[in-house]
Each structure stands twice: as structure tokens, then as C-alpha cells.
Amino acid sequence: LVSFDAQVIDMPDDNIVLPLDKLISLEIEHEVLGRMQCLTGRERFVITNYYYDNMSVKQLAVLIDRTPARVGQIRTEALKKMSGYENQEK
């Protein structure tokens, strides 16, 4: 006869932030903030409010008095700048 004793393994709770996870999160945030320095004020406003404050394109369009399509263009241009893609095209 074979005995199967259940072994309880303590797994970290998904809601617990581990030190390494916190460090990685801080490094990513620092990198994003650094890359945002190349943006214009309007681009920075769109990116910040769209991604950090979860505002919709329509809401941003009203705030900056532009069409939603233009806000989308501003967001795309900003993301290209932040990724360095704009510099690679030239």
C-alpha cells in the first residue's frame, strides 16, 4: 500500500506585493517618467490622464478642446516618442 500524505505548501497570496515585484514596479515607473520628459505639455497631459487617471479619449477631447480623433493622434505620437520609434525613423 502507498500512502499519500497531503503536504500543504504556503503559496503567496496574489494580493501581497513581494519586495521584488515592488522594485520592478518602481523601476518601470521611473523609466516611464523619464521617457515622458521628451513629450510636450499636451502629450504629457493626454498620456497621464489616459493611462494613470483612466480618462476616455472623449473626455480628454472635451478638456483640451480637440476632436477625439486628434486626441488619439496625440496619444499615438507621444507613445512613438516614448518608445524611441520616432528617432529610429530619421
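Just so it is clear, the structure is predicted and the values come from calculations on it, not from any experiment.
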My understanding is that only residues two or more places apart in sequence, or in another chain, count here; which of them pass side chain to side chain contact (heavy atoms under 4.5 Å, CB included) with [X]?
X: Leu63; answer: Phe45, Met55
X: Ser56; answer: Lys58, Gln59
X: Thr76; answer: Lys80
X: Tyr51; answer: Ile47, Arg75, Leu79

I'd like to know whether Ile64 forms a side chain to side chain contact (heavy atoms under 4.5 Å, CB included) with Ile74, so could you lay out the CA-CA distance, the side-chain angles of the two residues, the decisive distance to 0.1 Å, and finally the verdict. CA-CA 11 Å; Ile64 65 171; Ile74 292 169; 4.1 Å; yes

Using distance only, find each side-chain donor-acceptor pair of residues 36-43 under 3.5 Å and give its atom names and separation, not counting sequence neighbours.
| from | atom 1 | to | atom 2 | distance (Å) |
| --- | --- | --- | --- | --- |
| Gln37 | NE2 | Leu33 | O | 3.2 |
| Thr40 | OG1 | Glu43 | N | 3.2 |
| Thr40 | OG1 | Glu43 | OE1 | 3.3 |
| Glu43 | OE1 | Thr40 | N | 2.9 |
| Glu43 | OE1 | Lys81 | NZ | 2.9 |
| Glu43 | OE2 | Lys81 | NZ | 3.3 |

Where do Ala61 and Pro68 come nearest, in terms of heavy atoms and distance? CB-N, 3.7 Å

Quick check on Asp65: does its CG atom have over 12 non-hydrogen neighbours (other residues, nucleotides or ligands) under 6.0 Å away? no

Should Ile24 and Leu26 be counted in the same cluster of Ile, Leu, Val, Met, Phe, Trp and Tyr side chains packed under 4.5 Å apart? no

Tyr50 reachable from Val62 in the ILVMFWY side-chain graph, under 4.5 Å edges: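 Unlinked, Val62 and Tyr50 end up in two clusters.
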
Salt bridge (Lys or Arg N to Asp or Glu O under 4.0 Å) contacts in which one or both residues fall within residues 25-36, not counting sequence neighbours: Glu31-Arg35

With Arg70, which residues qualify under salt bridge (charged side-chain N to carboxylate O under 4.0 Å, His left out), at least two apart?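 In terms of salt bridge (charged side-chain N to carboxylate O under 4.0 Å, His left out), with neighbours along the sequence ignored, Arg70 is linked to Glu77.
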
